[in-house]
Structure formats: C-alpha cells, structure tokens
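Presented below is the structure to which this report refers.
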Amino acid sequence: MSAWIEIGKLDDIPIRGSRIVETPAGQLALFRTSDDGVFALVNRCPHRGGPLSEGLVSGKVVVCPLHGWTIDLESGSATAPDEGCTPRMTVRVENGRLWLPSGGTFPHDP
Amino acid sequence: MHPPHRRRLVVIGNGMAGMRTVEELLARCPAGYAITVFGDEPLVNYNRIMLSSVLAGDKSAEEIAINAHSWYEENGLTLHAGDAVLSICRKTRTVTSASGHTVPYDKLLIATGSKPLMPPLPGIELPGVVAFRQMSDVQAMLETAQTKRRAAVIGGGLLGLEAAWGLKRRGMDVAVAHLMPSLMERQLDREAAALLQRELTERGLHFFMNAQSEEILGETRAEGLLFADGRSVPADLVVVATGIRPNVALAKACGLDINRGIAVGNGMETSDPDIYAVGECVEHGGQTFGLVAPLWEQAKVCAARLAGDATASYTTPPLSTRLKITGIDVFSAGQLATQSDDDSELVLRDSGRGVYRKLILREGRLVGAVMYGDVAESGWYFELIRNHSDISPFRDRILLGRALSHACAHDKDMETDVADLSDDTQICGCNGISKGAIAAAIKSKQLTTLNEVRAHTKASASCGQCTSAVQAILAHVTGAAAPLPETMCGCTDLSHDAVRKEILTQKLKTQEMVFSALAWRSADGCAKCRPALNYYLLCAWPGEYVDDSRSRFVNERLHANIQKDGTYSVIPRMWGGLTNPAELRAIAAAAEKHGVPAVKVTGGQRIDLLGVPKERLPAIWADLNAAGLVSGHAYGKSLRTVKTCVGSEWCRFGTQDSTGLGVKLEKMTWGSWTPHKFKMAVSGCPRNCAEASIKDFGIVCVEGGYDIMVGGNGGIEVRVTDQLTRAVSEEEVMEFCAAFLQLYREEARYLERTAPWVERMGIAYVKKRLVDDAAGRKALAGRFAHAQRYSQDDPWFERAGRGADAHEFKSLAVVE
C-alpha cells in the first residue's frame with residue numbers, strides 16, 4: 001500500500017454509530033464500536049442493498065435497517081443463518097485520525 | 001482511489017438459467033463479481049416457457065421479459081445482447097464474441113441452452129420451416145399466420161401441442177404430425193393422451209398419428225409435408241418441435257468434457273474448475289434437462305459455489321409437467337404406469353365430465369400421478385410423491401383428494417392442519433417462506449425454539465402474524481410442543497416484564513446500569529434489546545433518562561421513514577386532519593423546491609413527501625417549519641395521527657365536534673413515545689366515517705356523549721375495538737385518553753400493539769384500571785402529562801433550526 005488519505009477524526013463517528021465516505025467506487029460506511037474499533041464496509045447489505053450505515057451497531061456487528069440481516073464488521077460476512085458478504089476495506093486509526101488507502105483497491109475484497 | 005478490483009465473471013447465455021444464476025449470485029454477494037453477460041438474441045432475457053403464450057396471444061413479448069435493461073444497469077452488469085460468443089480460450093482465460101469483444105474472466109459460466117433438434121429431412125432448409133425455440137421463431141410464425149392459412153407441426157409433445165394451439169388461435173388450420181401412436185407419450189398414459197387428443201380435435205386441430213415425416217414439400221418455400229406411409233398434408237408453415245439437444249459447440253471447441261451435454265459435477269463445475277455450466281446445455285448424472293425446476297436448482301447451487309460455498313451440491317428434484325393450453329388441464333409426475341405386479345394402479349374416470357385421474361402406488365407410497373380435466377389436487381399428489389409419504393392410512397380415499405383423505409382420520413387440531421398443508425404453502429407472507437422451507441430448516445439445523453426458527457428462516461420474524469402456524473410446524477416436525485419465546489433476547493434470560501420491573505425497583509436509569517445489574521451477556525446489548533431498553537428507560541424516567549439515538553432504529557433516529565431505495569419520506573403533522581391553503585402552499589413549494597418525486601395522501605389524513613435523500617432532510621424540514629408545520633412522527637413507535645370526520649360543525653348527522661376534539665387529543669398526545677405505533681380517530685356519529693373502531697383509541701360520538709373504544713387494529717390482523725366506557729364530556733375523554741396511553745406505555749411490551757396487548761390482558765383488566773378506579777385513572781393521566789413535558793419538542797426543528805445531530809446528515813469525507 002503506497003499512500004493513505006486522511007478522511008477525518010475518530011470522534012467524527014458516534015460511538016456505536018457510523019459515517020459515510022463517498023468514493024468513486026461508491027459509498028463506504030465507517031463504523032465505530034463501543035471499544036473504539038473502526039471498520040469500513042461497502043455501504044450495501046448483501047441481501048437487498050440496504051444502507052448498512054443506518055443500522056444498529058452492537059459488539060462487532062451491524063444490523064441492516066431494511067430487513068434485519070446481521071453483518072459482521074470484521075469480515076463483512078452475514079451472520080449465520082444468512083449467507084452473503086459485503087466487501088470491506090482497511091482503515092487505519094492513528095492519534096485519533098482516520099486514514100484510508102489511496103490509489104489502491106479494496107484489499108480484503110472477497 | 002480506483003474502483004475495487006473484483007473478480008470477473010463472464011456469462012455466456014442471457015437466458016433463464018444463466019440469469020437466474022446471476023440473480024442468485026447478486027442476492028448472495030452483490031459486489032462479489034464484475035459480471036459481463038453475452039447473449040446471442042438481441043433482447044433482454046425472457047421467460048422462454050411463456051413463448052407459447054405469446055404465440056397464442058395470451059401475453060405480449062414485453063410481458064414475458066424477466067429483467068429489463070434497467071435491471072442490468074442497476075446491478076452493474078455489462079450486457080452484450082445480440083453478440084454471440086465465438087470462442088473460449090482457456091489458456092488466456094478470455095472469451096471472444098462475434099463483434100470482436102475479447103473479455104477476460106476469472107470464472108466463466110456457460111449457459112448456452114439447447115438447440116432445436118432438426119431432423120435431416122429433404123426441404124428442412126426451405127423458407128416457411130421454423131423451430132419453436134426463440135422469440136424470432138414466434139415472430140416468424142406470427143408473420144406467416146397473417147398471410148397464410150395452413151400450418152403443420154412436426155411433434156406431438158408438450159412444445160408441439162402448445163405451438164399448434166397457438167397457431168390455431170391465430171387463425172390457421174393446423175395439423176399435428178406425431179411419430180408415436182399417442183400424444184405426449186413421455187408425460188401422459190394412453191388414456192389421458194386420448195382424452196387430450198379428443199379435446200384438441202374438437203377444438204379444430206387435425207392429427208396424423210404414427211406419422212413418420214419423410215419430406216417437406218415445396219420448391220421455393222414450404223408447401224406441405226409428406227409422410228413415409230404416403231399420406232401428405234399441405235402446409236405453408238412447418239413447425240419442427242421434435243425435441244432439443246444441448247448446445248455444446250463452444251464448450252466442445254475449447255476442450256471441455258462433453259457427453260450428450262456439457263458434463264458437470266455436483267457443484268455445476270465442468271472439467272475446468274474455473275468454468276461452470278447450467279441449464280439445458282449440461283448433463284448431470286447422465287441426465288439432460290428440458291424443464292424449468294431443475295434449472296432453478298442448478299442456478300442456486302452454481303451461485304453458491306461462485307460465492308464460495310463449497311458445500312452446495314446439486315441433485316435433480318422430482319419433476320412434474322403441465323400443459324399450457326387455456327382450458328385444458330393436464331398434469332403428470334413420476335411413473336406413468338405400473339412397472340411390476342407389485343405396483344398398484346388406482347383410477348378414477350368420469351367420462352361425463354371428462355375427468356381422468358390415475359395414481360401409481362408402490363409399497364404404500366405414491367410414485368406417479370397422471371391427471372386430466374381436473375388437476376386441483378395435483379399439488380398434493382406431487383407433494384406425496386416428493387416426500388415419499390406413507391399413504392396407507394388413507395389409501396381407500398386418496399383418489400378423492402386431500403380433504404376427504406384426511407376427513408375421517410381424526411379430529412383436527414392446529415397440528416394436523418399444518419400437516420395437511422403442502423410444502424409450497426406460504427406461511428410467512430412478509431418474507432415469502434414456505435412450509436417446506438421452515439420444516440427443512442427445523443430438521444437440518446435441529447431447531448427447537450421459535451426464536452431459532454425465526455433466526456434461520458425469517459418466518460414470523462417480521463409481522464408475527466404467522467407465529468402460531470410456525471409454532472405448529474415446529475411442534476409437528478419436532479413432535480413436541482414449542483414454548484413461547486420468553487426471554488427478551490439472547491443477551492439475557494429475563495423476560496420483558498421482568499426487566500421492566502427491575503428497572504423500577506433497582507432504579508436502573510441507564511442502559512449500562514441495566515447491563516451490569518442484570519448481568520447482560522454482551523457489553524452493549526444487541527439490536528433487539530437496545531431499542532426496547534431505550535424505550536423502557538425513557539418511559540420509566542422521563543426527564544432523567546437521556547434518549548440514546550444509537551439505540552433507535554433508523555426511522556426514529558432520523559425522524560423520517562427509510563424507503564427501499566434508501567431515500568426517506570417526510571410527513572408533516574396535520575392536526576386532526578385539518579389543513580389550510582397556506583400549509584398546502586408551503587408543502588407544494590417545498591416539494592417543488594426539493595424535487596420530491598412523489599406526493600401521496602396518507603391513510604391518516606396527511607400528506608407524504610416521498611423520495612427525499614437523507615442530506616436534504618434538514619433543508620426540507622426548515623422550509624416546512626417556516627410555515628408552522630412540524631414532524632408528524634409517521635416514522636415512530638409513537639403517537640401517529642388522529643383521524644377525524646367533519647362532525648357537527650358541518651355534517652348534518654354530526655352529534656359532537658369530532659374535528660375539534662381530534663385536534664385537542666392530538667395536541668395533548670403528540671410527541672409521546674409508545675411501545676408500538678399508536679393511532680387515534682374521532683367520529684362525529686355512529687356512522688363512524690373516521691373508522692374509529694379499528695384504532696388503538698377511538699371515539700364514536702353519540703347524542704350526549706362519547707363512546708370510548710380501545711384496542712382496534714386495521715393492519716395485518718383486523719381487530720375491532722372493545723368499548724371501554726361512555727364519557728359525557730370532552731374533558732373526560734381527554735383524561736381517559738391520557739390514562740389509557742399511559743397504561744399502555746407502562747405495561748405493554750415493546751413492539752406490542754394495543755390490540756394484542758388488550759387481548760392478552762383482557763378488556764376487563766383495562767376497565768378495572770381505568771373505569772372502576774377513578775383515582776388510578778387520574779394518577780395515570782398525571783404521569784402521562786408529566787412525561788409529555790419532556791417529549792413535545794419538534795424533532796425537525798431541533799435538527800433543522802438548532803443543528804442537532806448535524807453529523808447524521810452529511811458524509812464524513814469525499815474521496816476523489
């Protein structure tokens with residue numbers, strides 16, 4: 001990974017909440033868990049494309065607002081028994097600032 | 001940032017099997033692949049099964065399209081329609097099309113379907129000879145039917161008969177030539193075939209049986225058909241419907257293993273693990289395919305494999321056949337005849353009604369069914385065949401159908417009712433889950449509780465109306481009675497009621513206190529318990545508990561209703577359904593200014609502005625606020641609307657000022673959070689134009705009083721209100737309203753509407769608390785008034801005017 005782009009501060013994201021980053025490849029949803037973990041997923045539920053950024057975050061999962069699928073923030077996979085996956089992206093947190101890789105690809109794309 | 005690198009899937013074939021596979025794949029993993037589709041027909045994909053309906057004029061070509069161009073666009077598919085793939089290069093992993101496109105793939109899906117079998121007859125290449133396979137064939141037939149009169153169809157199978165009937169409907173004289181002595185001999189026994197032939201003859205078709213076609217006559221175009229026995233029939237149009245053969249040319253040319261079709265394994269993979277094949281072009285277990293059911297199954301398995309599920313495995317489902325000729329009902333499944341002396345044949349024949357039914361039994365099980373004339377029971381028979389059900393208890397009645405077969409068995413209870421339902425029967429209407437899917441999940445995943453069934457199948461997880469049916473299926477499959485769900489969620493073993501009690505007695509005033517005092521299993525709860533706890537705490541400690549927006553569903557957090565496309569709807573409050581020109585102008589102006597794509601009058605006497613993007617919500621709210629309009633809370637588990645009729649102010653039947661009372665009630669109660677949504681209505685006379693008798697709290701005015709009705713619901717399960725009491729003044733109505741709302745707020749479980757709550761507690765209990773106990777009623781109304789002091793701030797103004805939650809409405813960053 002060559003370069004990183006700073007996209008904001010950790011505190012810009014509410015705890016157990018989410019914010020959106022617009023990218024040329026579509027919306028990314030950045031989630032912040034109650035232990036200040038930050039995760040980035042493509043903002044589309046694998047079920048019907050619902051905006052995951054509007055879901056309820058608890059532990060390390062988000063529940064899609066449209067039909068209640070539960071998506072694992074670490075892997076992007078739907079929690080059993082649902083099946084599906086949402087591409088995720090590395091996000092770096094340093095000194096309370098958030099960084100996304102630039103000029104690259106989604107490294108953890110399935 | 002560049003677009004993400006996604007694996008590339010190329011699909012050769014834009015037909016039913018290929019596109020169903022793509023649909024299944026998109027459903028599993030929408031962003032998993034960049035997908036390119038090649039189709040040699042210049043159309044979007046269509047339902048090939050329905051070609052006969054297009055020919056017969058029952059459907060238009062547009063009506064049988066499966067996916068419009070927009071579907072391909074919306075799902076990011078690249079479609080090359082009318083561009084046939086000419087070659088596959090496995091070395092470079094590319095395909096090359098007729099127009100010169102060379103496209104690389106990581107995975108390739110071959111779904112090239114089948115070609116019509118064209119017998120090598122002299123004259124087969126003449127103009128006027130067509131197959132019955134593609135839309136272009138149908139178009140050629142329709143064109144001929146406009147100017148010519150006589151048609152011959154070679155082949156008396158399913159497809160040939162449907163073609164013949166379609167041409168007959170288009171006004172042609174049609175002869176059917178069939179090699180065998182009996183029509184549809186692979187699907188029908190002699191007797192059913194004879195009934196079919198008789199009926200089609202009566203409808204004007206001509207049949208040449210045992211007819212070996214020898215030559216298509218004609219010099220410059222088809223003029224007739226000559227048979228081996230010397231008979232002949234004149235024909236301007238000859239339709240060849242003698243069967244299909246898998247289209248394997250591409251697969252063969254690139255060296256894949258081929259038998260009759262492209263050889264595939266249980267995962268629909270070909271001999272090259274990066275190349276899959278589905279549909280009529282494949283051969284699996286020595287079998288090729290021409291019916292749709294196995295194609296769907298193949299699509300599902302192939303999509304699962306493409307999505308990375310290595311366990312998905314294909315087996316051919318049992319097959320059944322129905323003929324699509326209007327007014328002719330034919331069905332067959334399984335064996336057509338007895339195979340040995342151990343098999344039994346049961347026959348019902350009603351020559352007067354033209355009904356024929358034959359069942360083949362083997363070792364107490366149904367193994368085949370042929371039906372003609374009346375096929376209403378075909379679903380049940382097919383289910384018995386598929387399930388290998390033991391039919392011996394009702395063997396003597398099985399021919400008479402399901403109802404009579406079970407009538408004498410035993411007294412029915414819910415469980416046997418469920419047992420009688422076919423597997424296809426939809427149980428959960430919200431999520432489209434069949435009985436079979438529920439039962440299968442219970443068996444394969446060894447589910448024992450309702451919550452587990454909900455988690456695994458989604459059945460009863462949405463509206464809950466089918467809960468009792470799902471429980472009955474659970475009991476039926478597991479053989480045990482299933483207990484009702486007791487616990488709040490997986491985070492605790494306590495019930496809703498127990499948690500509420502602890503909140504009050506232990507004075508738990510934050511979610512964290514609840515989690516720690518009640519030993520929650522998860523550090524920050526889950527999507528089930530957090531919204532419930534947020535409500536319980538808000539209700540228990542008004543003015544003290546700080547509402548946690550992160551524990552609210554999106555609609556309540558953003559104060560607008562999320563729609564399926566991710567936009568929102570905005571509904572301002574119209575007090576008692578009253579409005580005026582200034583408000584309407586403001587709404588119209590806001591709708592125009594913000595490009596609102598749809599404006600709809602709601603059932604609650606308000607106006608809905610649909611399709612507003614999230615980032616525009618504060619701006620549109622600000623414009624509405626400026627005209628004095630506030631949030632209608634149409635999105636909340638909260639007081640929704642108070643519907644009214646015009647009442648004594650205008651109506652010649654009105655007994656009281658129903659509109660004015662409605663406005664007063666709404667002014668008192670708006671902003672209140674409740675366990676579930678809460679709707680009210682006031683009707684000015686017993687004609688009840690405001691439909692008060694299906695509201696949570698309804699008033700029906702009468703001379704000298706007000707009938708107070710509670711616990712109604714017009715939703716999924718209609719419930720008419722119970723009468724609580726008759727009040728004599730508006731003040732008394734207001735007190736009852738506040739007290740009833742507070743009792744519901746304090747005692748109903750989260751997400752429990754008043755209708756099931758009143759049923760659970762009994763209307764007598766509600767009367768005891770509100771009617772018999774005047775002091776208790778006043779105390780409840782007092783607590784409601786106290787809570788309202790903290791809830792009547794317009795949430796739209798908070799955000800649009802005061803900038804609350806600004807982060808909710810804009811993105812964190814934009815990355816170029």
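- In this structure, chain B has a heavy atom under 4.5 Å from the side chain of A/Leu30, while its backbone stays farther away.
- Once rounded to the nearest 0.5 Å, the distance linking CD of A/Glu54 with CG of B/Asn555 reads 9.5 Å.
- Residue contact with chain A, scored on non-hydrogen atoms closer than 4.5 Å, involves the side chain of B/Arg557 exclusively.
- The parts of A/Ile7 that come within reach of chain B are both its backbone and its side chain, each placing non-hydrogen atoms under 4.5 angstrom from that chain.
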**OP:** Decide side-chain contact (heavy atoms from CB on, under 4.5 Å) for B/Arg530 and A/Ser58; before the verdict, give the C-alpha distance in whole Å, the side-chain angles of both, and the deciding distance to 0.1 Å.
**Re:** CA-CA 9 Å; B/Arg530 284 227 319 267; A/Ser58 62; 3.3 Å; yes

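- Every residue two or more places apart in sequence or in another chain was checked for a side chain to side chain contact (heavy atoms under 4.5 Å, CB included) with B/Val546, and none qualifies.
- Chosen from A/Gly8, A/Gly59, A/Pro51, the residue pairing most often with chain B at heavy-atom distances under 4.5 Å is A/Gly59.
- The minimum heavy-atom distance between A/Leu56 and B/Ser551, with the atom names listed, is CD1-C, 4.3 Å.
- For B/Asp548, the part lying under 4.5 angstrom from a heavy atom of chain A is the side chain only.
- With sequence neighbours excluded, no residue forms a ring pair (Phe, Tyr, Trp, His ring centres under 6.0 Å) with B/Phe553.
- Note that OG of B/Ser811 and CG of A/Leu28 are 11.5 Å apart. Values are rounded to the nearest 0.5 Å.
- Distance OG/A/Ser18 to CG/B/Leu812: 9.5 Å, rounded to 0.5 Å.
- Within the 4.5 angstrom heavy-atom criterion, no atom of A/Val62 approaches chain B.
- Nearest heavy-atom pair, B/Pro30 versus A/Cys85, reported as atom, atom and distance to 0.1 Å: CD-O, 4.2 Å.
- Contact count against chain B (heavy-atom pairs under 4.5 Å) is highest for A/Ile20 among A/Leu98, A/Ile20, A/Asp12.
- Interface residue A/Arg44: only side-chain heavy atoms are found under 4.5 Å from chain B.
- Within the 4.5 angstrom heavy-atom criterion, atoms from both the backbone and the side chain of A/Val21 approach chain B.
- Panel note: side chain B/Arg28, backbone A/His47; no donor-acceptor pair is recorded below 3.5 Å.
- For B/Ala523, no part sits under 4.5 Å from any heavy atom of chain A, backbone or side chain.
- With a 4.5 angstrom heavy-atom cutoff, B/Lys564 touches chain A only via backbone atoms.
- Residue B/Leu26 touches chain A through its backbone alone, counting heavy-atom pairs closer than 4.5 Å.
- With rounding to the nearest 0.5 angstrom, the NE2 atom of B/His807 is 10.5 Å from the CD1 atom of A/Ile13.
- A distance-only check finds no donor-acceptor pair linking the side chain of A/Arg16 to the backbone of B/Arg550 [under 3.5 Å].
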